[in-house]
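The block underneath contains the structure these notes are about, expressed in structure tokens.
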There are 2 protein chains.
Amino acid sequence: MTASAARTSRRKRTGNGAARRIDADEIGLDALVGHAGYAVRRFQIWIFQDFIKTLGDVDIKPTQYSVLTVIGANPGLSQMAVAKRLGIERARLVHLLDSLEQRKLVKRIKSKEDRRSHALHLTGQGETALAKFKRLAAEHERHVEEKIGKANRERLLQILAGFT
Amino acid sequence: MTASAARTSRRKRTGNGAARRIDADEIGLDALVGHAGYAVRRFQIWIFQDFIKTLGDVDIKPTQYSVLTVIGANPGLSQMAVAKRLGIERARLVHLLDSLEQRKLVKRIKSKEDRRSHALHLTGQGETALAKFKRLAAEHERHVEEKIGKANRERLLQILAGFT
DNA sequence: GGGCAATTGTTGTCGTCAACAACAATCTTC
DNA sequence: GAAGATTGTTGTTGACGACAACAATTGCCC
């Protein structure tokens, strides 16, 4: 049916149609190639793994990094505002902030304007730590460049700019 | 510090530095813009949601679709081969196939060459169903085109071709 | 050719994460 | 002031990846 059915293999046993011993890279994906979602999913897995590995020493994962970055750039934000901006549920953000607060990177300050909400700030430690995280994140970004090419990375960011 | 700190708001109360009432779209992302991983993650969320919605009537999710497509294009594959090719763990694939087999889309046939393994095939129902799924998936792909542009989608697939 | 390592499918556990629902405290609105 | 909305919190559920253990079977090695 497809081209892959005619390929050879380490232990070929063609003819009866049953199980041949084949390698993963000779399996045809057929319609799957040409699906943006599939390519994006695989790429996203790769990129997250590299991020986690590159920031492994400081134990910061992508979501934590995004939270710290947004708070650093917008001190005093409420949890609701951060959650909405990053597309995180506020229930999830609670635990994320619990962890970051325990590590003394972030502090929740009771707002006086709205006593329901917390104004989020980086601690002193948090600021210097974030600076280091950003350096490591830049290193990770260089890995992306090495993987797909500098120009392609630029183009990718341009294409997906509407989703930030 | 950042430009966003000087912006206005619905209920501005600048000066004391505490909580202002601000909208999500006026929060600066600072360093987050320019991170490929963040853009890709947001895009992937959007694209999966659209896929799930578009294939909602037939209740097929992206992973199920990828499994059916690979089996359809390579009949007789073992579970191990499918798992390796799609980057799914074989433990996870067990449940996926249980579900697809219950829905009479896929059948596991005991292989005679290697009695440990199962040769995976689509059923008759599975073939006609997959044809329908592919039509819906093509519709989803058109949504992607409308979102980012036809040329950009092509370029995206080209850039990420190495991850399929 | 007999024994040992590797592979395949399966089951189970653990930790992460998104999606909800419910709740108390507080704010907004009328 | 009362009713409804919002904020942070807690808890539950289900999907998912990573791992480990296991039986059945195969491949390999001496």
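All chains are named by letter (A, B, ...) in the order of the sequence lines, taking the proteins before the strands, and each is independently numbered beginning at 1. The basis for the numbers below is simple: all heavy atoms, side chains too, and nothing from hydrogens, waters or symmetry mates.
- The listed nucleotides are dT10(C), dT26(D), dT11(C); the one nearest the side chain of Ala91(B) is dT11(C).
- One donor-acceptor pair, N or O on each side, does fall under 3.5 Å between the base of dG9(C) and the side chain of Arg90(B).
- Here the two rings, on Phe51(B) and Tyr65(B), have centers that are under 6.0 Å apart.
- The side chain of Arg92(B) places no N or O atom within less than 4.0 Å of a non-bridging phosphate oxygen (OP1 or OP2) of dA18(D).
- Whole-Å rounding puts the Lys84(B) NZ to dG9(C) P distance at 10 Å.
- For the side-chain hydrogen bond (donor to acceptor under 3.5 Å, both in side chains) test with Tyr38(B), the passing option among Arg41(B), His35(B), Arg42(B) is Arg42(B); the others fail.
- A chain of hydrophobic side-chain contacts below 4.5 Å, direct or via other Ile, Leu, Val, Met, Phe, Trp or Tyr residues, connects Trp46(A) to Phe48(A).
- Between Leu93(B) and Ile88(B) the shortest heavy-atom distance is N-CG2, 4.1 Å.
- Of the candidates dT8(C), dG8(D), dA18(D), the closest approach to any side-chain atom of Ser117(B) belongs to dT8(C).
- Using modelled atom types, one finds no donor on one side chain facing an acceptor on the other under 3.5 Å when comparing Gln125(B) with Arg103(B).
- Here dT8(C) is the nucleotide among dA18(D), dA15(D), dT8(C) with the atom lying nearest to any side-chain atom of Met80(B).
- Lys61(A) places its NZ atom 12 Å from the C1' atom of dG17(D), with the value rounded to the nearest Å.
- In this structure, the CG atom of Leu77(A) is 16 Å from the C1' atom of dT6(D), given to the nearest Å.
- In this structure, CD1 of Ile52(B) is placed 13 Å from P of dA18(C), rounded to the nearest angstrom.
- OP1 or OP2 of dA25(C) has not a single side-chain nitrogen or oxygen of Arg116(A) nearer than 4.0 Å.
- Checking dA18(D), dG8(D), dA19(C) against every side-chain atom of Glu89(B), the shortest atom distance belongs to dA18(D).
- Put simply, NZ on Lys112(B) is 19 Å from C1' on dT8(C), counting in whole angstrom units.
- Leu96(A) has its CG atom 12 Å from the P atom of dT9(D), to the nearest Å.
- At the phosphate of dT8(C), neither OP1 nor OP2 sits under 4.0 Å from any side-chain N or O atom of Arg108(B).
- Residue order along DNA chain D, read from the 5' end via each residue's closest nucleotide, puts Gln79(A) first among Gln79(A) and Arg41(A).
- As rounded to whole Å, 13 Å separates atom P of dG9(C) from atom CG of Asp98(B).
- Between Leu93(A) atom CG and dT9(D) atom P there is a gap of 9 Å when expressed in whole angstrom units.
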